[in-house]
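First the proteins, then the strands, lettered A, B, ... as listed; each starts at 1.
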Protein chains: 2
Amino acid sequence: MGNEKDFKKTYKRREKIMKAMAHASRLVILDSLYKTEKCVCELVDLVGDDPSTVSKHLSVLKNAGIVDDDKRGLKVFYKLTCPCVIEYIDCIEKVVRKNSKELWG
Amino acid sequence: MGNEKDFKKTYKRREKIMKAMAHASRLVILDSLYKTEKCVCELVDLVGDDPSTVSKHLSVLKNAGIVDDDKRGLKVFYKLTCPCVIEYIDCIEKVVRKNSKELWG
DNA sequence: TGAGTCTGTGGCTAAATTGCCATATAGTCA
DNA sequence: TGACTATATGGCAATTTAGCCACAGACTCA
């Protein structure tokens, strides 16, 4: 039936996913995984953080179910589980543009 | 041209919006504003937090440009600036379902 | 004016997040 | 086996966030 607890649980689940995406470096990573999977070292070069930091970002994303990993030899490749996560950006950018317009134009 | 700084700025702007949405109570609020604007007291009843807490949630959302406010008499009404922000749900729910399937089915 | 209502702010503590370093683990290849 | 590479983890300090209480400000209405 959906009592109050279920209600909150639904939003808590969504929160976890949104939170995982709510970081500039992780957004960069997700964007870069849209077209093709990438190994950690490629992502380290991309975002320019310490490898341990990138690794933690990836574990946040994996823990939220947004990416999957695949170990092949020494490398671990990450890819999006739902490429649709990138679609949200269209909307986010609408908000960004709306904000800019109101501030400066 | 887009140097590295611009690159990061873009993602920082997106981060701010994502971060503002990355909270269960704020997701509840956004959802409830999809169909119609609401005053703060209605939102307080809805999420069940202290009015000061709800007020702070709303200021986070407003600061990110996701909602707008309109004072009428004693009440302040909030509404979405871009109703499209709700579209995130379709995608997020896909991730949620994917996660559930992998964990239990 | 004064009581009452709605909303926002300051201040505080607890909790979560970030990002680095050091180090561990797993795999490759000579 | 031993040196080397790629990735993950533990630990830590700094920063940010959350949510409550107390109170201030704005507005209404008698």
Side-chain angles (χ1 to χ4, degrees), chain A residues 4 8-9 11-30 32-33 36-80, chain B residues 4 8-9 11-30 32-33 36-80:
Chain A
E4 199 194 329
K8 290 201 173 173
K9 222 190 271 176
Y11 285 96
K12 268 289 172 190
R13 275 194 296 253
R14 292 179 185 176
E15 173 187 301
K16 185 173 183 181
I17 295 167
M18 295 299 284
K19 225 171 193 166
M21 294 203 279
H23 188 291
S25 299
R26 296 199 288 265
L27 288 174
V28 170
I29 290 171
L30 291 176
S32 82
L33 294 181
T36 140
E37 63 174 15
K38 287 199 172 58
C39 68
V40 180
C41 53
E42 288 175 292
L43 296 170
V44 167
D45 288 346
L46 185 66
V47 309
D49 285 334
D50 191 90
S52 70
T53 299
V54 173
S55 190
K56 281 185 183 172
H57 282 318
L58 288 167
S59 85
V60 169
L61 291 171
K62 187 183 168 189
N63 207 251
I66 302 174
V67 301
D68 246 349
D69 59 350
D70 178 23
K71 183 158 194 169
R72 299 205 290 277
L74 264 181
K75 298 183 176 178
V76 179
F77 291 86
Y78 282 83
K79 62 170 185 286
L80 301 182
Chain B
E4 199 195 330
K8 292 202 173 174
K9 222 191 271 175
Y11 285 95
K12 268 288 173 191
R13 276 195 295 253
R14 292 178 186 176
E15 172 187 302
K16 184 174 183 180
I17 294 167
M18 295 297 290
K19 225 170 194 168
M21 293 203 280
H23 188 291
S25 300
R26 295 199 288 267
L27 289 175
V28 171
I29 290 171
L30 291 176
S32 82
L33 294 181
T36 140
E37 64 174 16
K38 287 199 171 56
C39 69
V40 179
C41 53
E42 287 175 293
L43 296 170
V44 167
D45 287 345
L46 185 66
V47 308
D49 284 334
D50 192 270
S52 70
T53 298
V54 173
S55 191
K56 282 183 183 175
H57 282 318
L58 288 167
S59 84
V60 169
L61 292 171
K62 187 183 167 187
N63 207 250
I66 303 173
V67 301
D68 246 350
D69 59 350
D70 178 23
K71 182 159 194 167
R72 299 205 291 277
L74 263 182
K75 296 183 177 178
V76 178
F77 290 86
Y78 282 84
K79 62 170 185 290
L80 301 182

Partners meeting salt bridge (Lys or Arg N to Asp or Glu O under 4.0 Å) with A:R26 (sequence neighbours left out): none
With sequence neighbours excluded, residues passing side chain to side chain donor-acceptor pair (under 3.5 Å) with A:S32: none
Sugar-phosphate, base or nothing in reach of A:K19, heavy atoms under 4.0 Å: sugar-phosphate
Pairs touching residues 38-55 of chain A that satisfy salt bridge (Lys or Arg N to Asp or Glu O under 4.0 Å), sequence neighbours left out: none
DNA chain C: 5'-proximal contact among A:A22 and A:G73 (nearest heavy atom): A:A22
Bend angle of the helix from C:dT1-D:dA30 to C:dA30-D:dT1, end axes from five pairs each (to 10°): 20°
A:K12: partners by side chain to side chain donor-acceptor pair (under 3.5 Å), with sequence neighbours left out: A:E15
Touch class at under 4.0 angstrom, heavy-atom based, for A:R26 against every strand present: sugar-phosphate
Tell me which donor-acceptor pairs under 3.5 Å the side chains of residues 70-77 of chain A have, and how far apart each pair is, sequence neighbours excluded?
from: A:D70; atom 1: OD2; to: A:R72; atom 2: NH1; distance (Å): 2.6
from: A:R72; atom 1: NH2; to: A:E37; atom 2: OE2; distance (Å): 2.6

Any residue meeting ring pair (Phe, Tyr, Trp, His ring centres under 6.0 Å) with A:Y11, in chain and number order, not counting sequence neighbours: A:F7
B:S55: side chain to side chain contact (heavy atoms under 4.5 Å, CB included) partners, not counting sequence neighbours: none
Counterpart residues, side chain to side chain donor-acceptor pair (under 3.5 Å), relative to B:S59 (two or more places apart): none
OP1 or OP2 of C:dG19 under 4.0 Å from side-chain N/O of A:H57: yes
Heavy-atom pair with the smallest gap, counting every atom of B:I17 and B:I66: O-CD1, 3.8 Å
With sequence neighbours excluded, residues passing salt bridge (Lys or Arg N to Asp or Glu O under 4.0 Å) with A:D69: A:K62
Terminal contacting nucleotides, 5' and 3', DNA chain D versus chain B (heavy atom, 4.0 Å): D:dT17 to D:dT28
Contact letters for nucleotides 3-9 of chain C, in which S counts primed atoms plus P, OP1 and OP2 and B counts the base, heavy atoms under 4.0 Å: --BSSBB
